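These numbers come from a predicted model, not from an experiment. FYI, side chains are in, hydrogens and waters are out, and symmetry mates aren't considered; it's all heavy atoms of this structure.
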Amino acid sequence: MSADSSAPTVALPTDKELVLKVIPLPADSNANGDIFGGWVMAQVDLAGSVLPARHTRGRMATVAVKEFVFKQPVRVGDILSFYAQVTRLGRTSVTVDVAVYAERFHSQGQYVKVTEAILTYVAIDEKGRPRPLPKDAAAASVPPG
């Protein structure tokens, strides 16, 4: 997939928290200079785990990726900004919405939404079994819905 210069630039979200910034390198790309989707997915998983860690307060595992949409390619040298928001707290799980924006190397200060995903993490015990979230974890701010 090649870079689409007609992709609309967007404002960065104000309802999500910046949890990760990273610049993909040549080793993360295919022969065309596009970043491997799997590399982007791994970064989304890392970014997505930041907020649930505040709720699980211990080991957790990614158990589901409900949706993963690639909107634009990611290229070597793009500055990627990962924004996350907890959308649901369950008894043992935390669901997070992650949006990724690229600041293209050649157009600093302008952002293009490149991908988004919804991930669910489950708190686990030392044997890898689901465990309840700490009781005060629900007190942390989670938007209604």
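The minimum heavy-atom distance between Val74 and Arg104, with the atom names listed, is CA-NH1, 4.1 Å.
Listed by first then second residue, pairs satisfying salt bridge (Lys or Arg N to Asp or Glu O under 4.0 Å) with a partner in residues 37-49 number zero, not counting sequence neighbours.
Listed by chain and number, the residues in a side-chain contact (heavy atoms from CB on, under 4.5 Å) with Ala123 are Thr56, Arg131, Leu133 (sequence neighbours excluded). Shown here are the side-chain hydrogen bond (donor to acceptor under 3.5 Å, both in side chains) partners of Glu116, two or more places apart in sequence or in another chain: Lys71, Lys113. Residues meeting the side-chain contact (heavy atoms from CB on, under 4.5 Å) test with Glu126, sequence neighbours left out: none. Partners of Asp28 by salt bridge (Lys or Arg N to Asp or Glu O under 4.0 Å), not counting sequence neighbours: none found. Legend: residues meeting side-chain contact (heavy atoms from CB on, under 4.5 Å) with Phe68, ordered by chain and number and at least two apart, are Met41, Val44, Val65, Phe70, Thr115, Ala117. Evaluation of the side-chain hydrogen bond (donor to acceptor under 3.5 Å, both in side chains) rule for Gln110 yields no partner, not counting sequence neighbours. Listed by chain and residue number, Thr87, Arg88, Ile118, Thr120 satisfy the side-chain contact (heavy atoms from CB on, under 4.5 Å) test with Thr95 (two or more places apart in sequence, or in another chain). Residues passing the side-chain hydrogen bond (donor to acceptor under 3.5 Å, both in side chains) test with Ser49, sequence neighbours excluded: none.
Looking only at distances, a side-chain donor or acceptor of Asp125 sits under 3.5 Å from a matching main-chain atom of Lys127.
Hydrophobic side-chain contacts under 4.5 Å tie Tyr101 into a cluster, directly or through other members, with Val10, Leu12, Leu18, Tyr83, Tyr111. Through side-chain heavy atoms spaced under 4.5 Å, either directly or across other Ile, Leu, Val, Met, Phe, Trp or Tyr residues, Leu25 is tied to no other residue.
In this structure, Lys16 pairs ionically with Asp97, as a charged nitrogen and a carboxylate oxygen lie closer than 4.0 Å.
Hydrophobic clustering, with ILVMFWY side chains joined whenever heavy atoms are under 4.5 angstrom apart, keeps Leu20 apart from Ile79.
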